[in-house]
Novice: 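Handing you a structure now.
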Amino acid sequence: MIISLVGMRFYVRVGILPHERVHAQPLEIDLRVTRADDAEGVLDYRGLYGIAAERLAEGSLDYLEDIATSLVERAMSLTGVIAARAAVRKPNVLVGGPLAYAEVIAERGGG
């Protein structure tokens, strides 16, 4: 069974540039987990959302890669989860031209 939370939006200070450390900006997260067919019980969506909210509240938000990796590792620790995927999107990235967002995806496990 696959469970996805798509388009979670948080406002955080994320990035390594001086203005990114001062001003909060939107960060979007999709978190998907695959549970084993024989997993007991259900997965509470609030717990899955909490993984993202708690990670972002901890600080140390320099790189999207670190955020995505830590979300996947935390999701893999949930009972019955055999695979996890986190997509972290940052709109408004200054790259010198038009860009909808930068996105980093981390995945672990099979399933």
Novice: From Phe10 CZ over to Leu27 CG, what is the distance, rounded to the nearest 0.5 angstrom?
Specialist: 8.5 Å
Novice: If you look at every heavy atom in Val33 and Ala75, which pair is closest and at what distance?
Specialist: CG1-CB, 3.8 Å
Novice: Can you name the residues that form a side chain to side chain contact (heavy atoms under 4.5 Å, CB included) with Glu54, not counting sequence neighbours?
Specialist: none
Novice: Would you name the heavy atoms of Ala83 and Gly109 that are closest together and state the gap between them?
Specialist: CB-C, 3.9 Å
Novice: Minimum heavy-atom separation for Pro91 and Pro26, please, with both atom names.
Specialist: CD-O, 3.5 Å
Novice: Out of curiosity, Leu61 CG to Asp66 CG, how far, rounded to the nearest 0.5 Å?
Specialist: 9.5 Å
Novice: Assess whether a salt bridge exists between Asp62 and Arg21, defined as any Lys/Arg side-chain N lying under 4.0 Å from an Asp/Glu carboxylate O.
Specialist: yes
Novice: Distance-only, no hydrogens or angles: does the Ser70 side chain make a donor-acceptor pair with backbone N or O of Ile67 under 3.5 Å?
Specialist: yes
Novice: For Gly80 and Ala39, work out which heavy atoms get closest and say how close.
Specialist: CA-CB, 3.9 Å
Novice: When you measure from the side chain of Gln25 to the backbone N and O of Val12, does any donor-acceptor pair fall under 3.5 Å?
Specialist: no
Novice: Within this structure, what is the CD-OG1 distance for the pair Glu40 and Thr79, rounded to the nearest 0.5 Å?
Specialist: 9.5 Å
Novice: side-chain hydrogen bond (donor to acceptor under 3.5 Å, both in side chains), that's the test. Do Arg13 and Tyr11 meet it? Break it down for me.
Specialist: CA-CA 7 Å; Arg13 289 187 298 272; Tyr11 288 85; over 6 Å; no
Novice: Any link between Met8 and Leu48 through a network of hydrophobic side chains (Ile, Leu, Val, Met, Phe, Trp, Tyr) touching at under 4.5 Å?
Specialist: yes
Novice: Might you work through the side-chain contact (heavy atoms from CB on, under 4.5 Å) test for Ile2 and Arg32, ending with a clear yes or no?
Specialist: CA-CA 7 Å; Ile2 297 173; Arg32 182 181 76 199; 3.4 Å; yes
Novice: Heavy atoms only: give me the nearest Met76-Ile82 pair and the separation to one decimal.
Specialist: CE-O, 3.7 Å
Novice: Could you state whether Leu71 and Leu43 fall into the same hydrophobic cluster, counting links through intermediate Ile, Leu, Val, Met, Phe, Trp or Tyr residues with side-chain heavy atoms under 4.5 angstrom apart?
Specialist: yes
Novice: Consider only side-chain heavy atoms of I, L, V, M, F, W and Y, link residues closer than 4.5 Å, and tell whether Leu78 and Leu31 are in one cluster.
Specialist: yes
Novice: Say whether Val88 and Ile3 are linked into one hydrophobic cluster, either directly or through other cluster members, by side-chain heavy-atom distances under 4.5 angstrom.
Specialist: yes
Novice: Tell me the closest heavy-atom pair linking Tyr49 and Leu5, and the distance in Å.
Specialist: N-CD1, 3.5 Å
Novice: Any salt bridge linking Arg89 with Asp30? Criterion: basic side-chain nitrogen under 4.0 Å from a carboxylate oxygen.
Specialist: yes
Novice: Less than 4.5 Å apart, side chain to side chain, heavy atoms only: is that true for Tyr101 and Val93?
Specialist: no
Novice: Could you check if a side-chain atom of Thr69 sits within less than 4.5 angstrom of a side-chain atom of Val104, using non-hydrogen atoms only?
Specialist: no
Novice: Are Ile29 and Tyr45 linked, directly or through other ILVMFWY residues, by side chains that come within less than 4.5 angstrom of each other?
Specialist: yes
Novice: A side-chain contact here means heavy atoms from C-beta on lying under 4.5 Å apart; do Leu94 and Leu99 qualify?
Specialist: no
Novice: Give a yes or no on whether a salt bridge exists between Lys90 and Glu65, defined as a side-chain N under 4.0 angstrom from a carboxylate O.
Specialist: no
